[in-house]
Peer 1: 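My questions all concern the structure below.
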Amino acid sequence: MKSLAELQAIKDKMKDKVVLREGANDIRIVVGMATCGIAAGARPVLNAFVEEVNKQGLSDKVTVSQTGCIGICQFEPVVEVFESGKDKVTYVKMTAEKAKEVVEKHIKGGEVIADYTIKNDKI
């Protein structure tokens with residue numbers, strides 16, 4: 001059994017990841033984590049978003065969370081980005097590498113990556 005000090009250390013270490021998933025900030029990143037999303041690789045995508053938002057120091061304005069089925073299973077993993085006063089952006093066929101790029105270019109830089117969106121006619 002763990003001592004209280006060890007358990008507190010584990011809690012403190014995981015606190016940033018929990019806060020990212022439960023916060024209420026100006027930007028929300030929502031990853032589809034239904035069975036179809038998980039089977040298509042959504043778990044590493046979710047983890048990459050959480051880690052990259054934390055790494056970039058954006059946790060004060062970005063919330064990363066998960067949801068059930070978004071309804072477009074053929075495009076999984078699906079990620080929706082909600083920003084105050086802007087239209088929702090739906091990224092499809094995401095990977096952990098693409099997630100890091102979305103944080104850098106879209107979330108931090110303000111530039112939607114059109115090639116990764118559902119509106120892309122190449123998909």
Side-chain angles (χ1 to χ4, degrees):
M1 178 180 231
K2 302 271 184 191
S3 71
L4 287 178
E6 288 174 303
L7 291 173
Q8 185 63 43
I10 293 169
K11 178 182 176 184
D12 292 342
K13 180 180 176 185
M14 299 306 291
K15 186 176 180 181
D16 288 338
K17 293 183 181 186
V18 173
V19 169
L20 285 174
R21 293 182 182 178
E22 294 177 353
N25 294 312
D26 292 336
I27 301 173
R28 284 182 31 235
I29 301 170
V30 180
V31 181
M33 292 287 290
T35 306
C36 52
I38 293 169
R43 191 170 311 282
V45 171
L46 175 70
N47 292 337
F49 272 113
V50 170
E51 291 168 9
E52 196 64 20
V53 165
N54 197 29
K55 178 180 168 187
Q56 295 285 338
L58 300 170
S59 60
D60 60 333
K61 70 175 192 172
V62 179
T63 300
V64 179
S65 62
Q66 62 187 39
T67 190
C69 184
I70 294 175
I72 48 175
C73 302
Q74 69 271 29
F75 296 113
E76 292 288 358
V78 176
V79 174
E80 295 179 323
V81 177
F82 299 90
E83 295 182 73
S84 299
K86 296 184 181 181
D87 289 338
K88 169 183 75 173
V89 176
T90 302
Y91 288 108
V92 296
K93 298 185 179 179
M94 291 297 291
T95 64
E97 292 75 29
K98 289 179 180 178
K100 292 175 184 178
E101 190 176 349
V102 167
V103 171
E104 181 66 33
K105 291 183 179 175
H106 181 168
I107 305 304
K108 193 172 180 184
E111 174 190 341
V112 174
I113 305 173
D115 286 348
Y116 301 164
T117 67
I118 194 148
K119 293 180 180 180
N120 180 8
D121 63 356
K122 297 174 190 170
I123 293 178

Peer 1: Do you know the tightest heavy-atom contact between Cys69 and Ala34?
Peer 2: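 Looking at all heavy atoms of both residues, the shortest contact is N-CB, 3.4 Å.
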Peer 1: I want to check something: taking the side chain as every heavy atom from C-beta on, are Val112 and Thr117 in contact at a cut-off of under 4.5 Å?
Peer 2: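 Yes. Closest side-chain heavy atoms under 4.5 Å.
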Peer 1: Measuring from atom CD1 of Ile107 to atom CD1 of Ile29, what distance do you get when rounded to the nearest 0.5 angstrom?
Peer 2: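 Nearest 0.5 Å value for the CD1-CD1 distance: 4.0 Å.
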Peer 1: Can you tell me if Tyr91 uses its side chain to pair, donor with acceptor, with the backbone of Ala114 under 3.5 Å?
Peer 2: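 Looks like no, no N/O pair under 3.5 Å.
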Peer 1: What distance do Glu101 atom CD and Lys105 atom NZ have between them, rounded to the nearest 0.5 Å?
Peer 2: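 So the CD of Glu101 and the NZ of Lys105 are separated by 4.0 Å.
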Peer 1: Are the side chain of Lys88 and the backbone of Glu83 linked by a donor-acceptor contact shorter than 3.5 Å?
Peer 2: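 Absent.
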Peer 1: Excluding sequence neighbours, so at least two apart, what forms side chain to side chain contact (heavy atoms under 4.5 Å, CB included) with Lys55?
Peer 2: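 Listed in chain order: Glu52.
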Peer 1: Which residues pass the side chain to side chain contact (heavy atoms under 4.5 Å, CB included) test with Ile38, not counting sequence neighbours?
Peer 2: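 Ile38: side chain to side chain contact (heavy atoms under 4.5 Å, CB included) contacts with Met33, Arg43.
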Peer 1: Quick one: does any side-chain atom of Gln56 pair with a main-chain N or O of Leu58 as donor and acceptor, under 3.5 Å?
Peer 2: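 Pair absent, no side-chain N/O of Gln56 close to backbone of Leu58.
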Peer 1: How far apart are the closest heavy atoms of Glu76 and Ala40, and which atoms are they?
Peer 2: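 Heavy atoms of Glu76 and Ala40 come nearest at CB-CB, 3.6 Å.
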Peer 1: As an exercise, state the distance from CZ of Phe82 to OG of Ser65, rounded to the nearest 0.5 Å.
Peer 2: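 Here the rounded value is 8.5 Å.
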Peer 1: Measure the spacing between NZ of Lys98 and CG of Asp115 and express it to the nearest 0.5 Å.
Peer 2: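 Here the rounded value is 9.0 Å.
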Peer 1: Is the centre of the His106 ring less than 6.0 Å from the centre of the Tyr116 ring?
Peer 2: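 Ring centroids of His106 and Tyr116 are no less than 6.0 Å from each other.
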Peer 1: Are Thr63 and Ile27 packed together at the side-chain level, in the sense that at least one heavy-atom pair is separated by less than 4.5 angstrom?
Peer 2: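 The answer is no; the side chains never approach within 4.5 Å.
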Peer 1: Working to the nearest 0.5 Å, report the span between NZ of Lys100 and CD of Glu51.
Peer 2: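 So the gap between those two atoms works out to 7.0 Å.
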Peer 1: By the definition side chain to side chain contact (heavy atoms under 4.5 Å, CB included), identify the one residue from Ile70, Val30, Val79, Ile72 that meets it with Thr90.
Peer 2: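 Answer to the side chain to side chain contact (heavy atoms under 4.5 Å, CB included) test with Thr90 among Ile70, Val30, Val79, Ile72: Ile72.
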Peer 1: If we only count heavy atoms from C-beta on, is the Met94 to Phe49 side-chain gap below 4.5 Å?
Peer 2: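 The answer is yes; the side chains approach within 4.5 Å.
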Peer 1: Quick one: closest heavy-atom pair of Gly37 and Pro77, and the distance?
Peer 2: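 That closest heavy-atom pairing would be O-CG, 4.5 Å.
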Peer 1: To the nearest 0.5 Å, tell me how far Asn54 CG sits from Ser59 OG.
Peer 2: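 These two atoms lie 5.5 Å from each other.
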Peer 1: Over all heavy atoms of both residues, which pair between Ala42 and Gly32 is shortest? Give the atoms and the distance, please.
Peer 2: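 The answer is CB-O, 3.4 Å.
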